[in-house]
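I have placed the structure first, in the form of structure tokens, so that the comments after it can refer back to it.
Fair warning: this is a prediction, and the values are worked out from it, not measured in the lab. Below, all heavy atoms of this structure are taken into account, side chains as well, without hydrogens, waters or symmetry copies.
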Amino acid sequence: MEKLIGYKLNKFPLNLTSIVDLEYFDGPLLSLFENEYGDSYLYSWCDVDNLYNRWLVFRVAQPTLKLYIEGQISLHELIVNPVDGFLYSLDIDNALQVKNTYLILPENLPAIYVPEIDSYYEISDLNRATAEEDRLLIYQKISRESQLISGSIDR
């Protein structure tokens, strides 16, 4: 695994629930999660060794997530410009336990962890039906949150 430059945390500070896997090949590579407040986070797989799979975890705004799903912005853009200005790096073992957590600035990411500039979300023929269902689920989530926001503003 690549050496990380960041701030080591005692534990991962977020309580996230899995929503949907967006990319997969013999297992998830990019997954959407949310916290108890409905904020969206992406888990992006980036490295592996004999003990752990390493994931980058970062918050993504709803409009930006929609643009990514529509293929208008790339995963590269999401990772190098995270909403909060930082990402978490998690080393997760085979029992799905987080063993190492780092807070990392995008400019300190190992180059191999940063996707290519043209890393747009695509639906392949192999996963077209599943990807369309996933896209619908995300649109419903974004729509529901937009209604909640506009409803609270209208009051």
(request) Just jot down the side-chain hydrogen bond (donor to acceptor under 3.5 Å, both in side chains) partners of Ser44, sequence neighbours excluded, or say none. (result) none
(request) Name all residues meeting the side-chain hydrogen bond (donor to acceptor under 3.5 Å, both in side chains) criterion together with Arg59; count only those two or more places apart in sequence or in a different chain, and write none if there are none. (result) Asp84
(request) Scan for side chain to side chain donor-acceptor pair (under 3.5 Å) pairs involving residues 3-17, sequence neighbours excluded, and state none if there are none. (result) Lys8-Asn100
(request) Give a yes or no on whether a salt bridge exists between Asp91 and Arg54, defined as a side-chain N under 4.0 angstrom from a carboxylate O. (result) yes
(message) To the closest 0.5 Å, what do you measure between CG (Leu67) and OG (Ser74)?
(response) 11.5 Å
(message) Holding to salt bridge (Lys or Arg N to Asp or Glu O under 4.0 Å), I want the full list of residues that pass it with Asp47, two or more places apart in sequence or in another chain.
(response) none
(message) Just to verify, what does Trp55 make a side-chain hydrogen bond (donor to acceptor under 3.5 Å, both in side chains) with, not counting sequence neighbours?
(response) none
(message) Nearest 0.5 angstrom please: Ser18 OG to Leu32 CG, how far?
(response) 8.0 Å
(request) Enumerate the residue pairs fulfilling ring pair (Phe, Tyr, Trp, His ring centres under 6.0 Å) with a member in residues 59-79, sequence neighbours excluded, ordered by first and then second residue. (result) Tyr68-Tyr121
(message) With clusters defined by side-chain heavy atoms of hydrophobic residues (ILVMFWY) lying less than 4.5 Å apart, directly or transitively, does Tyr41 cluster with Val83?
(response) no
(request) Please tell me if the side chains of Thr64 and Leu78 come closer than 4.5 Å, counting only heavy atoms from C-beta onward. (result) yes
(request) Apply side-chain hydrogen bond (donor to acceptor under 3.5 Å, both in side chains) to Asp93 and list each qualifying residue two or more places apart in sequence or on a separate chain. (result) none
(message) So, using side chain to side chain contact (heavy atoms under 4.5 Å, CB included) as the criterion, who are the partners of Asp118 when residues are at least two apart?
(response) Glu116, Tyr120
(request) Working to the nearest 0.5 Å, report the span between OG of Ser40 and CG of Asn35. (result) 8.5 Å
(message) Suppose clustering is done on Ile, Leu, Val, Met, Phe, Trp and Tyr with side-chain heavy atoms closer than 4.5 Å. Which residues sit in the same group as Ile117?
(response) none
(request) Go through Tyr102 and Leu4 one step at a time and tell me if the side chain to side chain contact (heavy atoms under 4.5 Å, CB included) criterion holds. (result) CA-CA 8 Å; Tyr102 286 87; Leu4 297 175; 3.7 Å; yes
(message) With side chain to side chain contact (heavy atoms under 4.5 Å, CB included) as the criterion, how do Asp39 and Glu34 come out once you've worked through the C-alpha distance, each side chain's angles and the decisive distance to 0.1 Å?
(response) CA-CA 5 Å; Asp39 296 325; Glu34 72 178 12; over 6 Å; no
(message) Running the 4.5 Å side-chain criterion over Ile, Leu, Val, Met, Phe, Trp and Tyr, what cluster does Ile5 land in, apart from itself?
(response) none
(message) Starting from Leu105, can I reach Val57 by hopping between I/L/V/M/F/W/Y residues whose side chains sit under 4.5 Å apart?
(response) yes
(message) If hydrophobic clusters are built from ILVMFWY residues whose side chains come within less than 4.5 Å, do Ile92 and Val48 share one?
(response) yes
(request) For the residue pair Asn81 and Pro106, establish whether any side-chain heavy-atom pair is separated by less than 4.5 Å. (result) no
(message) Between Tyr88 and Phe12, is the ring centroid distance below 6.0 Å?
(response) yes
(request) Would you list the pairs meeting salt bridge (charged side-chain N to carboxylate O under 4.0 Å, His left out) in which at least one residue belongs to residues 73-83, sequence neighbours left out? (result) none
(request) Assess the pair Phe33 and Tyr43: is the distance between their ring centroids shorter than 6.0 Å? (result) yes
(message) To the nearest 0.5 Å, what is the distance between CG on Asn108 and OG on Ser89?
(response) 12.0 Å
(message) Side-chain heavy atoms under 4.5 Å apart, restricted to Ile/Leu/Val/Met/Phe/Trp/Tyr: what other residues fall into the cluster of Leu51, or is it alone?
(response) Met1, Tyr52
(request) Calculate, to the nearest 0.5 Å, the distance between atoms CG and OH belonging to Leu29 and Tyr24 respectively. (result) 10.5 Å
(request) Specify the closest pair of heavy atoms between Leu65 and Val60, including all atoms of both residues, with the distance to one decimal. (result) N-CG2, 3.9 Å
(request) Hey, could you give me the CG/CD1 distance between Leu42 and Ile19, rounded to the nearest 0.5 Å? (result) 11.5 Å
